[in-house]
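Heads up: the structure comes next, in structure tokens.
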Amino acid sequence: RSKNIERMFWELSLAHKMGWDVFLIHPGPAGAEEDKQRVYEALRLINEKAIALNIQLLLENASGPFDGDPHQLVRTIEEVPGLKLTFDCSHAYRSIFCREGKGTLIDHLSIVKPFVHSFQFNDYDGKTNCEVGKGMLPWHQFMPMALDIGCDTWAIELNTIRETVASRDFLQRWLNT
């Protein structure tokens, strides 16, 4: 763990030298409460370094570590003052929270909404990520909420230029309405 923290300090220093003011991380797995406490402590140390460098540390709602549980994401952010969330649409949709019927994508976003600093847009077709608007995500419900949050940073996270451009056009239509 100390080697990982040292590596993160180095990466934050590099980001600072590059002039970047945002740094996105995926936390490692944590199952037991003791493991979660170690994750929180590591994130606090990393975030202190980020704050000292004027970098906003963002936690992505990755499907793995806490399996995208929105309540656990909120707890993590509350345990690490100043930490914000980047909301990956597909990760949230494919989280155990949604898959096991604990809530919908809209419920997921509602829970974490106060902490969302940026979005990673993508869709999911049942097998893989795909262009926004071509998969299973409920965009007519989701986009009004996303627009209401007012994030400055939207990213499109897809594999091809064609998917990225089509997704940009889809999102642009929402911005123009």
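Quick caveat: nothing in here was measured; it's all calculated off a predicted structure. In what follows, residues are counted from 1 in the order of the sequence shown. Computed from heavy atoms alone, side chains included, the values below leave out hydrogens, waters and symmetry copies.
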Atom [atom1] in [X], atom [atom2] in [Y]: separation rounded to 0.5 Å?
X      : Y     : atom1 : atom2 : answer
Phe119 : Thr86 : CZ    : OG1   : 8.5 Å
Asn54  : His16 : CG    : NE2   : 7.5 Å
Leu57  : Ile51 : CG    : CD1   : 8.5 Å
Ile46  : Arg7  : CD1   : CZ    : 8.5 Å
Arg38  : Asp35 : CZ    : CG    : 4.5 Å

Shortest non-hydrogen separation from [X] to [Y] and the atoms involved:
X      : Y      : result
Leu58  : Val22  : CD1-CG1, 3.2 Å
Gln120 : Leu24  : NE2-CD2, 3.1 Å
Leu137 : Ser90  : CD2-N, 4.4 Å
Ile156 : Ser167 : CG2-CB, 3.8 Å
Trp174 : Leu147 : O-CD1, 3.9 Å
Pro138 : Ile106 : CG-CD1, 4.4 Å

**Request:** List the steps and the verdict of side chain to side chain contact (heavy atoms under 4.5 Å, CB included) for Asn122 and Cys130.
**Result:** CA-CA 6 Å; Asn122 43 40; Cys130 63; over 6 Å; no
**Prompt:** For Gln72 and Thr76, what are the C-alpha separation, side-chain angles and deciding distance, and is it a side chain to side chain contact (heavy atoms under 4.5 Å, CB included)?
**Reply:** CA-CA 6 Å; Gln72 183 59 55; Thr76 302; 3.4 Å; yes
Taking the basic N atoms (NZ, or NE/NH1/NH2) and the acidic carboxylate oxygens, is any pair closer than 4.0 Å for [X] and [Y]?
X      : Y      : result
Arg75  : Glu78  : no
Arg162 : Glu131 : yes
Glu79  : Lys36  : no

**Request:** Show your reasoning for whether side chain to side chain contact (heavy atoms under 4.5 Å, CB included) applies to Ile111 and His71.
**Result:** CA-CA 7 Å; Ile111 293 166; His71 301 289; 3.5 Å; yes
**Request:** Flag the pair Tyr93 / His108 as yes when their ring centroid distance falls below 6.0 Å, and as no otherwise.
**Result:**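 Not close enough - the centres of the two rings lie 6.0 Å or further apart.
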**Message:** Surrounding CD of Glu34 (heavy atoms of other residues, nucleotides or ligands, distance under 6.0 Å), is the total greater than 12?
**Reply:**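 Count not over threshold, so no.
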**Request:** Would you kindly say whether Gln37 and Glu41 are connected by a side-chain donor-acceptor distance under 3.5 Å?
**Result:**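 Per modelled atom types, Gln37 and Glu41 side chains form no pair under 3.5 Å.
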